[in-house]
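First up is the structure itself, then whatever we jot down about it.
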Amino acid sequence: MLEKVPLLKADRLTKRFGGVLAVSDISFELKRGEFLGVIGPNGSGKTTLVNLITGFVKPTAGKISFGGKNITGKMPYTIAGLGISRTFQMVRLFYNLPAYKNLIIPLCSARVKKLRGGKYGEKDDAAIDILDDLGFERDSFVPYKIAGSLPHGYLKRLDLARAMVLRPEVLILDELFSGMSMSEVAGTLPLIEKFNEEGLTIVMIEHRLKELFRVVDRVMVLNFGEKIAEGDPREIMDTKEVRKAYLGVDLEIS
């Protein structure tokens with residue numbers, strides 16, 4: 001029996017910015033329902049890889065496939081409409097609008113309309129429902145506060161909510177826990193686990209290895225734009241090449 005086509009596949013992706021080789025010949029496959037962690041030191045090419053997959057930059061060479069279809073170089077809104085959504089390392093929100101209003105634009109997308117059977121429905125109510133599922137208590141004032149007045153942890157969750165509005169098939173999280181307190185991470189991690197348990201395919205870039213390794217199926221390690229390892233988290237971290245790349249970083253994950 002032939003193996004099913006991977007949901008997401010990168011084939012020898014390369015990206016140059018002038019004389020800088022940010023991503024070099026990276027290949028990987030992701031099956032439906034998998035949870036992949038992407039790790040590596042600062043400047044290793046992790047965010048560039050995400051930007052290539054989601055269309056924010058175009059590859060110098062290589063190919064990206066989604067569900068067996070070539071999506072290389074397509075615009076970000078096209079890729080999002082196909083079912084790949086993302087969060088950003090540096091949160092990009094409408095800071096002068098109430099929190100729930102940040103979800104209105106994705107709620108007006110063609111993808112949402114199609115998934116809702118041709119109807120958009122009451123968008124304000126839908127926005128509040130989504131935020132309530134992510135810890136923005138609907139009976140509090142939090143969903144109605146101006147986004148820019150919210151604590152950092154809520155801003156990260158709001159960015160996550162905006163990505164989830166599209167009901168993606170693949171969710172890419174770019175350092176979701178960056179800047180969060182331990183309590184904020186503890187409150188957010190179960191949500192990510194729940195999404196994956198419900199069948200969502202997830203790619204997560206993260207520096208907080210202990211928390212990441214609790215939830216991922218496998219990890220891919222980048223260094224200087226190259227993939228240097230891929231596999232079981234604890235086995236990977238024991239390899240000489242990965243330890244050398246993380247020299248000076250606390251690798252305690254037990």
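Predicted model only: the values in this text are computed from it and were never measured.
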_If you define the side chain from C-beta out and look only at heavy atoms, does anything of Met164 sit under 4.5 Å from Ser85?_
no

*Could you pull out the closest heavy-atom pair between Val142 and Ala99, with the gap in Å?*
O-CB, 4.0 Å

_Neighbour count above 12 (heavy atom, 6.0 Å) for Phe17 CZ_ = yes

*Nearest heavy atoms of Lys74 and Ile79, plus distance in Å*: O-CD1, 3.6 Å

*asked:* Do the side chains of Glu34 and Arg218 get close enough for a salt bridge, i.e. N-O under 4.0 angstrom?
replied: yes

*For Phe35, which residues count as a ring pair (Phe, Tyr, Trp, His ring centres under 6.0 Å) partner, sequence neighbours excluded?*
none

_Looking at Lys15 and Lys58, would you say the former's side chain and the latter's main chain have a donor-acceptor pair under 3.5 Å?_
yes

*asked:* Treating Thr14 as the side-chain partner and Asp25 as the backbone partner, does any N or O pair qualify as donor plus acceptor under 3.5 Å?
replied: yes

*Answer with yes or no whether the hydrophobic clustering places Leu13 together with Leu222; edges join I, L, V, M, F, W, Y residues whose side-chain heavy atoms lie under 4.5 Å apart.*
yes

*Do Phe177 and Met220 belong to the same hydrophobic cluster, where Ile, Leu, Val, Met, Phe, Trp and Tyr are linked whenever their side-chain heavy atoms lie under 4.5 Å apart, directly or via other members?*
no

*Is the side chain of Thr188 donor-acceptor paired with the backbone N or O of Val185 at a distance under 3.5 Å, no angle test?*
no

*Is the shortest heavy-atom distance from the side chain of Val215 to the side chain of Asn196 under 4.5 Å?*
no

_Rounded at 0.5 Å granularity, tell me how far CD1 in Ile26 sits from CD in Glu230._
10.0 Å

_Please report the interatomic distance CZ(Arg214) to CD1(Ile192), rounded to the nearest 0.5 Å._
12.0 Å

_Non-hydrogen atoms of Asp217 and Pro233 that approach each other most closely_ = O-CD, 4.2 Å

*asked:* Closer than 4.0 angstrom, basic N to acidic O: yes or no for Asp238 and Arg243?
replied: yes

*Would Leu191 end up clustered with Val203 when hydrophobic side chains under 4.5 Å apart are linked, directly or stepwise?*
no

*Cationic N near anionic O, under 4.0 Å, Lys46 to Asp174*: no

*Report yes if some heavy atom in the side chain of Lys9 is under 4.5 Å from a heavy atom in the side chain of Leu30; otherwise report no.*
no

*Are any of the side-chain heavy atoms of Leu158 and Phe136 separated by less than 4.5 Å?*
yes

*After noting the C-alpha distance and the side-chain angles of Arg157 and Glu184, does the key distance pass the side-chain contact (heavy atoms from CB on, under 4.5 Å) rule?*
CA-CA 10 Å; Arg157 285 200 189 196; Glu184 289 170 336; over 6 Å; no

*Please determine if Arg32 and Glu169 form a salt bridge, counting it only when a charged side-chain N lies under 4.0 Å from a carboxylate O.*
yes

_Note, Ile39 side chain near His207 side chain (heavy atom, < 4.5 Å)_ = no

*Is Lys210 positioned over the aromatic face of Phe213, cation under 6.0 angstrom from the ring centre and no more than 45 degrees off axis?*
no

*Expected output: side-chain Ser178 to main-chain Glu175 donor-acceptor under 3.5 Å*: no

*pair Val38-Met204: side-chain heavy atoms closer than 4.5 Å*: no

_Heavy-atom donor-acceptor pair, Glu206 side chain to Arg208 backbone, under 3.5 Å_ = yes

*Only one of Asn223, Ile228, Ile236, Val221 passes side chain to side chain contact (heavy atoms under 4.5 Å, CB included) with Glu241; say which it is.*
Ile228

*Please report the closest heavy-atom contact between Leu176 and Lys156, naming both atoms and the distance.*
O-CD, 3.2 Å

_Check for me, please, whether Ile130 and Val91 land in the same ILVMFWY cluster - side-chain distances under 4.5 Å, paths through other members count._
yes

*Just how far is it from atom CE of Met75 to atom CZ of Phe56, taken to the nearest 0.5 Å?*
9.0 Å

*Is a side-chain donor-acceptor pair under 3.5 Å present for Ser27 with Arg12?*
no

*asked:* Side chains of Gln89 and Thr47: any donor to acceptor distance under 3.5 Å?
replied: yes

*Test item: Thr87 side-chain N/O and Asp159 main-chain N/O as donor-acceptor pair under 3.5 Å*: no

*Should Leu173 and Phe88 be counted in the same cluster of Ile, Leu, Val, Met, Phe, Trp and Tyr side chains packed under 4.5 Å apart?*
no

*asked:* With side-chain contact (heavy atoms from CB on, under 4.5 Å) as the criterion, how do Asp129 and Tyr100 come out once you've worked through the C-alpha distance, each side chain's angles and the decisive distance to 0.1 Å?
replied: CA-CA 9 Å; Asp129 288 342; Tyr100 79 96; over 6 Å; no

*List the atom of Thr72, the atom of Lys63, and the distance in Å for their closest heavy-atom pair.*
OG1-CA, 3.4 Å

*asked:* Between Ile202 and Leu36, does the side-chain contact (heavy atoms from CB on, under 4.5 Å) criterion hold? Intermediate values first, please.
replied: CA-CA 6 Å; Ile202 302 175; Leu36 174 68; over 6 Å; no

*Can you establish whether the number of heavy atoms outside Phe94 located under 6.0 Å from its atom CZ is more than 12?*
no

_Can you confirm whether Leu166 sits close enough to Val112 that some side-chain heavy atom of one is under 4.5 Å from a side-chain heavy atom of the other?_
yes

*With rounding to the nearest 0.5 Å, note down the distance linking CD1 in Ile64 to CG in Asp11.*
10.5 Å

*May I ask you to test the Ile146-Pro98 pair for a side-chain heavy-atom distance under 4.5 Å?*
yes

*List the steps, then state whether side-chain contact (heavy atoms from CB on, under 4.5 Å) holds for Leu49 with Phe28.*
CA-CA 11 Å; Leu49 178 63; Phe28 71 92; 4.2 Å; yes

*Write down the atom of Leu200, the atom of Pro168, and the distance for their closest heavy-atom approach.*
CD1-O, 3.1 Å

*In Å, rounded to the nearest 0.5 Å, how long is the span from CD of Glu193 to CD of Glu198?*
12.0 Å

_Rounded at 0.5 Å granularity, tell me how far CG in Leu209 sits from CZ in Arg234._
10.5 Å

_More than 12 heavy atoms from other groups under 6.0 Å of OH on Tyr95_ = yes

_Tell me whether Arg111 contacts the main-chain N or O of Arg167 through its side chain, where contact means a donor paired with an acceptor under 3.5 Å._
yes

